[in-house]
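Read the structure below first, then the notes.
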Amino acid sequence: DPDVEVRREAAKAFTNITWYQDYPVSSFLLALMISLKDADTQVRRSASRALSNAAYKGQNITPALTILKEVVSDKTVFFLQDSETKINAAGTLTYHYLNNEDENGVSELLKNEDNDVKASAAWGAASYYAKRKKWKKIEDLLKYKDAVINKNISSALSCSQEEGIDISPI
């Protein structure tokens, strides 16, 4: 739609649907993929949040992987000025990789030169593992010996603890 307000409202609605309802993202995945490259920052951010919500819940976002990887690796001013979309895209990829037991995909994100990407991957992975009480996996994350990664692991564990997860084994 040429009207930016309509695109914003649609992208916002997709974010709410993916978070609050168990509606299959496949019904509007193409719209979200197109919205990731929208000229409007709010549309891009809402679309990236919607995809992240869907991946977090274990929904299949495989058709969007290529565009998500493009967003994460984009070094143009377009995404340098919109780190939130890049962070959400990295989180989406992290959840997708974890849900599909793709350790290499997570590892690539953690090795990324962009600190926003690393931070998002570390937080997502630590949170994911804490919810599943996979303490060895969190210890493996700490082996990267990277300040950005460690800070975000700590933050994710604090949030997990606030949610009532006993993190004392770590």
Are the side chains of [X] and [Y] in touch, meaning some heavy atoms are under 4.5 Å apart?
| X | Y | answer |
| --- | --- | --- |
| Leu51 | Leu29 | yes |
| Lys57 | Thr18 | no |
| Ile61 | Tyr95 | no |
| Cys159 | Trp123 | yes |

Partners meeting side chain to side chain contact (heavy atoms under 4.5 Å, CB included) with [X] (sequence neighbours left out):
| X | answer |
| --- | --- |
| Glu139 | Lys136, Ile170 |
| Asn88 | Ser48, Arg49, Glu84 |
| Glu163 | Lys131, Ile165 |
| Leu98 | Thr94, Val106, Ala125, Tyr128, Tyr129 |

For Asp40, the option from Arg45, Arg8, Lys12, Arg7 that meets salt bridge (Lys or Arg N to Asp or Glu O under 4.0 Å): Arg8
Distance-only donor-acceptor check, side chains Ser107 and Tyr144, under 3.5 Å: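 A pair is found: one side chain offers a donor N or O, the other an acceptor, under 3.5 Å apart.
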Between [atom1] on residue [X] and [atom2] on residue [Y], distance to nearest 0.5 Å:
| X | Y | atom1 | atom2 | answer |
| --- | --- | --- | --- | --- |
| Leu141 | Asn152 | CG | CG | 11.0 Å |
| Leu36 | Leu68 | CG | CG | 6.0 Å |
| Leu65 | Met33 | CG | CE | 9.0 Å |
| Ser27 | Leu32 | OG | CG | 10.5 Å |
| Ser160 | Ile138 | OG | CD1 | 7.0 Å |
| Ser158 | Ile153 | OG | CD1 | 12.0 Å |

Which atoms form the tightest heavy-atom contact between [X] and [Y], and what is the distance?
| X | Y | result |
| --- | --- | --- |
| Thr15 | Ser46 | OG1-O, 2.7 Å |
| Val71 | Ala89 | CG1-CB, 3.8 Å |
| Pro169 | Asp166 | CD-O, 3.5 Å |
| Val72 | Ala90 | CG2-N, 3.6 Å |
| Ala156 | Ser127 | CB-N, 3.8 Å |
| Glu5 | Asp3 | N-OD1, 2.9 Å |

[X] side chain to [Y] main-chain N or O, any donor-acceptor pair under 3.5 Å?
| X | Y | result |
| --- | --- | --- |
| Asn99 | Ala55 | yes |
| Arg44 | Ala39 | yes |
| Ser35 | Ala31 | yes |

Is the Phe28 ring parallel, tilted or perpendicular to the Tyr23 ring (thresholds 30°, 60°)? parallel
Determine whether Ile67 and Leu109 fall in the same hydrophobic cluster, where Ile, Leu, Val, Met, Phe, Trp and Tyr are linked whenever their side-chain heavy atoms lie under 4.5 Å apart.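 Per the 4.5 Å side-chain linkage, Ile67 and Leu109 are co-clustered.
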Would you kindly confirm whether Ile149 and Leu93 end up in one hydrophobic cluster when ILVMFWY residues are joined by side chain heavy atoms under 4.5 Å apart?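 Yes, one cluster joins them.
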Would you call Asp114 and Lys86 a salt bridge, using N to O less than 4.0 angstrom? yes
Between Asp140 and Lys137, is the closest basic N to carboxylate O distance under 4.0 Å? no
Ile34: which other cluster members, linking ILVMFWY side chains closer than 4.5 Å, directly or transitively?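 Members alongside Ile34: Leu30.
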Evaluate side chain to side chain contact (heavy atoms under 4.5 Å, CB included) for Asn104 paired with Tyr97, printing each intermediate quantity in order. CA-CA 8 Å; Asn104 291 330; Tyr97 293 144; over 6 Å; no
Sequence neighbours excluded, every pair satisfying salt bridge (Lys or Arg N to Asp or Glu O under 4.0 Å) that has a member inside residues 116-127: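 Listed by first then second residue: Lys118-Asp146.
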